[in-house]
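For reference, the structure is listed below as structure tokens.
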Amino acid sequence: MTRWRGLTAAALGFGAVAGMAQAWDRDGAIYPAAQCAALWFGQADYALASPYLDSDPKDLELARAFRQVALRQTTQGAAAIDAFIGEQRRQMRFLVEAFLFGGDRQSRDLYESLMQDCADFAARQPETRDLR
């Protein structure tokens, strides 16, 4: 079961990356801004349901701030951004779960890479640079 969970998490993670690449072609606001929002929303969702991660109100603050960046940058409108975040949010929750609960190495690597990309991006945006 653990091996299956790890493979599923890795597949979700790689599926998320493929989705990001396709979305990036359509709208520059999707990655990294909307993807970072989904990551932080997903982490907050996992924290609410899990004994392995404490809930932190800053997670939702970051998620909302990244969403605002995506809304400022989008060429498609709020509905497209929110649809992308909604779709990816669940996958990001599973990514966090696979990393923290399942100990899946691929999920950890993807999570850490996304977190670094989000931190680097956040440092350059007015909505996010002073958070965390």
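This is a predicted model, so every value here is computed, not measured. If you read the sequence from its start, that first residue is 1, and numbering goes on from there. Note: hydrogens, waters and symmetry copies are ignored here, and every other heavy atom, side chains too, is used.
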*asked:* Distance check, rounded to the nearest 0.5 Å: T74 atom OG1 versus I81 atom CD1?
replied: 4.0 Å
*asked:* Is the shortest side-chain heavy-atom distance between Y111 and Q43 below 4.5 Å?
replied: yes
*side chain to side chain donor-acceptor pair (under 3.5 Å) partners for E127, two or more places apart*: R72
*Spacing of CG belonging to L71 relative to CZ belonging to F66, to within rounding of 0.5 Å*: 13.5 Å
*Check whether any side-chain heavy atom of D104 sits under 4.5 Å from a side-chain heavy atom of F99, and report yes or no.*
no
*Only pairs at least two apart or in different chains count here, so list each disulfide bond (SG atoms under 2.5 Å apart) that has a residue in residues 76-132.*
C36-C118
*What residue among E61, R64, K58, M115 forms side chain to side chain contact (heavy atoms under 4.5 Å, CB included) with W40?*
M115
*Answer yes or no: is there a side-chain heavy-atom contact under 4.5 Å between F41 and R93?*
no
*Looking only at heavy atoms, what is the nearest atom pair of Q88 and A38, with distance?*
CB-CB, 3.5 Å
*Value rounded to 0.5 Å, distance of CD in Q125 from CD in Q73*: 5.0 Å
*Find the distance between CG (D54) and CG (L48) and round it off to the nearest 0.5 Å.*
11.0 Å
*asked:* For the CG atom of L95 and the CG atom of L114, what is their distance to the nearest 0.5 Å?
replied: 7.0 Å
*With sequence neighbours excluded, what pairs up with D120 under the side chain to side chain donor-acceptor pair (under 3.5 Å) test?*
Q116
*Considering non-hydrogen atoms only, spot the tightest contact between A37 and R67 and give its length.*
CB-N, 3.7 Å
_Once side chain to side chain donor-acceptor pair (under 3.5 Å) is applied, do any residues pair with R89, and if so which ones, sequence neighbours excluded?_
D45
*asked:* Looking at every heavy atom in both A29 and A70, which two are closest together, and how far apart are they?
replied: CB-O, 3.3 Å
*Kindly compute the distance separating CZ (F101) from OH (Y52), expressed to the nearest 0.5 Å.*
4.5 Å
_D109: side chain to side chain donor-acceptor pair (under 3.5 Å) partners, not counting sequence neighbours_ = none
*asked:* Which residues pass the ring-ring contact (aromatic ring centres under 6.0 Å, His included) test with Y46, not counting sequence neighbours?
replied: none
*Short question: side chain of T128, backbone of A122 - any donor-acceptor pair under 3.5 Å?*
yes
*Can you name the closest pair of heavy atoms from R129 and P126 and give their distance?*
NH2-N, 3.6 Å
